[in-house]
Amino acid sequence: MDSSFRAELFDFHGVSMTRYFTDNWDNVQNFQARPDDILIATYPKAGTTWVSCILDLLHFGQTSSERQTSISIYDRVPFLEMSVPSVPKGTELLDKLVTSPRLIKTHFPVQFVPKSFWEQNCRIVYLARNAKDSVVSYFHFDRMNMAEPEPGKWSSFLQRFMQGKMVFGSWYDHVNGWWKKKQTYSKLHYMFYEDLIEDTGRELEKICSFVGLSPSDEYKKSIIDTVQFDNMKNNKMANHSTISVMDFKISHFMRKGKVGDWKNHFTVNQNEHFDEDYKRKMTDPTLEFRTEIDISAI
Ligand code: PPS
């Protein structure tokens with residue numbers, strides 16, 4: 001796959017998008033959710049694949065181990081709005097899914113979610129990750145994924161992120177939009193990547209109670225082990241190594257999996273500028289992110 005496959009950003013209902021996520025718009029908007037569907041919503045690079053694997057193991061890991069070893073995570077948890085040439089669209093994969101509940105991935109900002117999810121009162125898990133690690137992860141992803149817009153240099157990419165000119169728009173609008181939704185929609189579990197890193201077991205408990213499952217302690221332990229970064233990185237069904245648009249010679253999909261890698265990318269000036277801009281945009285004191293965690297406590 002060469003760089004001619006890369007898509008251009010354009011403004012779509014006030015959000016920067018590419019055609020790979022808007023071409024199937026009518027089918028996506030008319031998608032018929034079922035009451036037991038679980039929507040996994042994230043801004044890109046927040047750990048979608050991680051939480052997808054957790055939910056998939058919780059629901060299906062004990063009944064079908066073959067599912068885990070022979071079906072890629074992106075087929076087990078279809079990406080609703082994806083519409084990339086030569087591969088099945090998200091809606092087509094979903095129409096063929098026979099499992100129940102269906103686990104569905106989306107990167108949509110809250111206002112783009114098809115209305116049937118709200119009408120059916122579906123459970124939604126929203127995973128958020130701090131802005132600095134999100135932009136670093138996104139930069140490396142756009143370098144290696146030939147379906148993404150050309151990232152350019154790190155400094156200009158960071159500027160674009162602050163302006164919200166990324167695929168799926170502004171990180172700031174995304175995390176805030178979903179946070180506000182949580183105040184009025186009770187079936188939304190809002191969680192943080194940093195918490196998952198800090199204590200996967202604690203976060204797994206919260207997910208279990210949200211989806212109404214009570215697996216044995218032994219099975220919970222085995223889930224925690226299966227979804228550890230290194231295990232997922234070595235797992236072909238989770239690490240995205242089978243996707244042709246991704247060039248692993250440039251960067252891996254499962255790249256570092258850390259909190260605080262931004263420190264290896266931001267200059268002192270970039271960090272100061274970013275922090276000032278962040279304060280202006282993130283005015284809700286109830287929504288707080290951690291850009292570092294005390295790993296000695298883990
Ligand atoms: S995507 O393309 O938006 O769906 O990507 P997404 O899965 O949301 O995010 C990819 C980043 O999540 C990291 N990741 C993990 N971190 C810790 N533990 C586990 N198990 C794990 N699984 C995925 C992945 O490494 C990407 O982050 P970076 O910082 O680039 O390493």
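Below, each value reflects all heavy atoms present in this structure, side chains not excepted, and no hydrogens, waters or symmetry copies. What you see is a predicted model, and the numbers here were worked out from it, not measured in a lab. When a ligand or atom number is given, it counts from 1 through the structure's own listing order.
- Considering backbone and side-chain atoms alike, Gly47 places an N or O below 3.5 Å from some N or O of ligand 1.
- Counting heavy atoms under 4.0 Å from ligand 1, residue His140 does not touch it at all.
- Remark: ligand 1 atoms within the under-4.0 Å shell around heavy atoms of Phe141 are 2 (O).
- Considering each of Lys258, Lys233, Met254, the one bringing a non-hydrogen atom nearest atom 23 (C) of ligand 1 is Met254.
- Ranking the protein heavy atoms by distance from atom 8 (O) of ligand 1 puts Thr48 OG1, 2.3 Å first.
- Among pairs with a residue in residues 200-245, those fulfilling ring-ring contact (aromatic ring centres under 6.0 Å, His included) read Tyr74-His240, His189-Phe210, His240-Phe253, at least two apart in sequence or across chains.
- When only interatomic distances are considered, the shortest N/O to N/O separation between Val227 and ligand 1 falls below 3.5 Å.
- Between Met144 and Arg255, every side-chain heavy-atom pair lies at or beyond the 4.5 Å cut-off.
- For the residue pair Thr267 and Asn269, no side-chain donor N or O sits within less than 3.5 Å of a side-chain acceptor on the partner.
- Against a heavy-atom cut-off of under 4.0 Å, Thr49 is close to the following atoms of ligand 1: 6 (P), 7 (O).
- For the pair Thr106/Glu81, a side-chain contact is recorded, criterion being any heavy-atom separation below 4.5 Å from C-beta on.
- Side-chain atoms of Asp36 and Ser100 form a donor-acceptor pair, as typed in the model, at a separation below 3.5 Å.
- Every atom of ligand 1 with a heavy atom of Pro44 under 4.0 Å away is listed here by number and element: 3 (O).
- Remark: ligand 1 and Met232 share no N or O pair separated by less than 3.5 Å (distance only, no angle test).
- Closest to atom 19 (C) of ligand 1 among all protein heavy atoms lies Trp50 CD2, 3.3 Å.
- Remark: Lys281 is positioned above the aromatic ring of Tyr172, its terminal NZ or CZ atom under 6.0 angstrom from the ring centre and at most 45 degrees off the axis.
- Ring geometry for Phe117 versus Phe31: interplanar angle under 30°, hence parallel rather than tilted (30 to 60°).
- Using a 30° and 60° split on the angle between ring planes, Phe112 and Trp25 fall in the perpendicular class, above 60°.
- The backbone of Ala46, and not its side chain, has at least one atom closer than 4.0 Å to an atom of ligand 1 (non-hydrogen atoms only; backbone = N, CA, C, O).
- Counting only distance, with no hydrogens or angles, the side chain of Asp56 and the backbone of Arg76 share no donor-acceptor pair below 3.5 Å.
- In this structure the side chain of Leu287 reaches within 4.5 angstrom of the side chain of Asn176, judged on heavy atoms.
- The closest side-chain heavy-atom distance from His265 to His140 is below 4.5 Å.
- With hydrogens left out, the protein atom closest to atom 24 (C) of ligand 1 is Phe253 O, 3.8 Å, a heavy atom.
- In this structure, of His107, Lys105, Arg129, Met246, the residue bringing a heavy atom nearest to atom 29 (O) of ligand 1 is Arg129.
- The residue from Tyr74, Tyr193, Trp262 that puts a heavy atom closest to atom 17 (C) of ligand 1 is Tyr193.
- Contact between Tyr138 and ligand 1 is absent, with no heavy atom of the residue lying under 4.0 Å from the ligand.
- Of the listed residues (Lys45, Lys256, Glu148), the one carrying the non-hydrogen atom nearest atom 3 (O) of ligand 1 is Lys45.
- Protein heavy atom at the shortest distance from atom 28 (P) of ligand 1 is Ser137 OG, 3.4 Å.
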